[in-house]
Amino acid sequence: MERLSDQQKDLEVSKLDDWKLEDDKWIVKRYRFRRYLSGIHFVEQVAEYAEEIQHHPLIHIDYKVVTMKLTSWNAKGLTDLDIRSAEEYDRIFGKIRE
């Protein structure tokens, strides 16, 4: 995968819901849950998707808050795969909150 240009990166991240650019090479989002086990269920689904596409986020679980952090190590920055993964994580989150 090819790393996104600065212009592409800014445009794509701006389209994402509450994802923030960090250190110019990561995107980060915090998901809040009403129940601890809902957050764990979310992480399980994210892990299954990540295994499927072989692109794994850094995941931090802090009681009812799950933080996702994405970058593409091989590209040394953000790629389209990071953006697509973020969109899928938001979709999974939406299903859990329903």
Side-chain angles (χ1 to χ4, degrees):
M1 283 236 123
E2 196 171 305
R3 186 173 59 202
L4 298 175
S5 71
D6 288 342
Q7 187 178 24
Q8 290 171 311
K9 186 175 20 182
D10 291 341
L11 176 64
E12 293 301 324
V13 173
S14 73
K15 293 178 188 176
L16 297 173
D17 187 30
D18 292 326
W19 285 85
K20 306 292 182 222
L21 189 59
E22 186 177 280
D23 295 334
D24 209 35
K25 67 177 182 177
W26 297 89
I27 51 174
V28 179
K29 182 172 181 175
R30 287 191 169 136
Y31 294 92
R32 295 187 183 280
F33 296 88
R34 290 185 200 134
R35 295 179 36 242
Y36 171 74
L37 288 178
S38 295
I40 298 301
H41 183 62
F42 171 71
V43 168
E44 289 172 338
Q45 290 186 36
V46 163
E48 287 178 20
Y49 176 75
E51 272 295 295
E52 207 173 283
I53 65 168
Q54 287 300 295
H55 188 63
H56 303 87
L58 295 180
I59 302 171
H60 184 85
I61 302 169
D62 218 2
Y63 186 44
K64 296 180 187 179
V65 176
V66 175
T67 304
M68 293 288 165
K69 193 170 180 179
L70 287 162
T71 196
S72 293
W73 295 105
N74 292 342
K76 296 182 173 85
L78 293 175
T79 65
D80 187 53
L81 187 55
D82 298 301
I83 302 301
R84 288 195 326 251
S85 296
E87 291 169 342
E88 181 63 16
Y89 300 160
D90 286 349
R91 188 192 67 73
I92 293 167
F93 179 69
K95 282 177 50 181
I96 289 175
R97 293 200 49 169
E98 293 176 343

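The first residue in the sequence is number 1, and the count goes up from there. Any value given below was found using the heavy atoms of this structure, including those in side chains, with hydrogens, waters and symmetry copies removed.
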How far does [atom1] of [X] sit from [atom2] of [Y], to the nearest 0.5 angstrom?
X     : Y     : atom1 : atom2 : answer
Glu22 : Leu78 : CD    : CG    : 11.0 Å
Ile92 : Glu44 : CD1   : CD    : 11.5 Å
Glu87 : Leu16 : CD    : CG    : 6.0 Å
Lys20 : Lys69 : NZ    : NZ    : 15.5 Å
Phe93 : Ser38 : CZ    : OG    : 9.5 Å
Leu81 : Leu4  : CG    : CG    : 10.5 Å

ask   = In terms of the angle between their ring planes, are Phe42 and Tyr31 parallel, tilted or perpendicular, with boundaries placed at 30° and 60°?
value =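 It falls in the tilted class, 30° to 60°.
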task = Assign the ring pair Tyr89 / Tyr49 to parallel, tilted or perpendicular, where the plane angle (0 to 90°) is split at 30° and 60°.
result =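 It falls in the perpendicular class, over 60°.
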Taking all non-hydrogen atoms of both residues into account, name the closest pair between [X] and [Y] and its distance.
X     : Y     : answer
Ala86 : Leu70 : N-CD1, 3.9 Å
Ser85 : Ile53 : OG-CD1, 3.5 Å
Lys76 : Arg3  : O-NH1, 3.3 Å
Asp17 : Lys29 : O-NZ, 2.8 Å
Val66 : Gly39 : CG2-O, 4.0 Å

key: Donor-acceptor contact below 3.5 Å, side chain Glu48 vs main chain Gln45   =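 It does not hold such a pair.
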query = Counting only heavy atoms not in Gln7, do more than 12 fall under 6.0 Å of its CD?
reply =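 Counting neighbours around CD of Gln7, 12 or fewer heavy atoms of other residues, nucleotides or ligands fall under 6.0 Å, so no.
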key: Greater than 12 external heavy atoms within 6.0 Å of Arg32's CZ   =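 No - once you tally the heavy atoms of other residues, nucleotides and ligands closer than 6.0 Å, there are 12 at most.
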Who pairs with [X] by salt bridge (Lys or Arg N to Asp or Glu O under 4.0 Å), at least two apart in sequence or on another chain?
X     : answer
Arg30 : none
Lys15 : Glu12
Asp24 : Lys9

Group every Ile, Leu, Val, Met, Phe, Trp and Tyr by side-chain heavy-atom contacts under 4.5 Å, then state whether [X] and [Y] land in the same group.
X     : Y     : answer
Ile61 : Trp26 : no
Val46 : Val65 : no
Ile83 : Leu21 : yes
Val28 : Ile59 : no

Verdict with supporting geometry, His56 and Glu51, side chain to side chain contact (heavy atoms under 4.5 Å, CB included) = CA-CA 7 Å; His56 303 87; Glu51 272 295 295; 2.7 Å; yes
query = When you look at Arg91 and Glu88, which way does the salt bridge (Lys or Arg N to Asp or Glu O under 4.0 Å) test go after all the steps?
reply = CA-CA 5 Å; Arg91 188 192 67 73; Glu88 181 63 16; 2.4 Å; yes
query = So, Phe33 versus Tyr63, ring centres under 6.0 angstrom or not?
reply =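 So the answer is no for these two rings.
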task = Indicate yes or no: at least one non-hydrogen side-chain atom of Ser72 is less than 4.5 angstrom from one of His55.
result =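 Ser72 vs His55: side chains touch.
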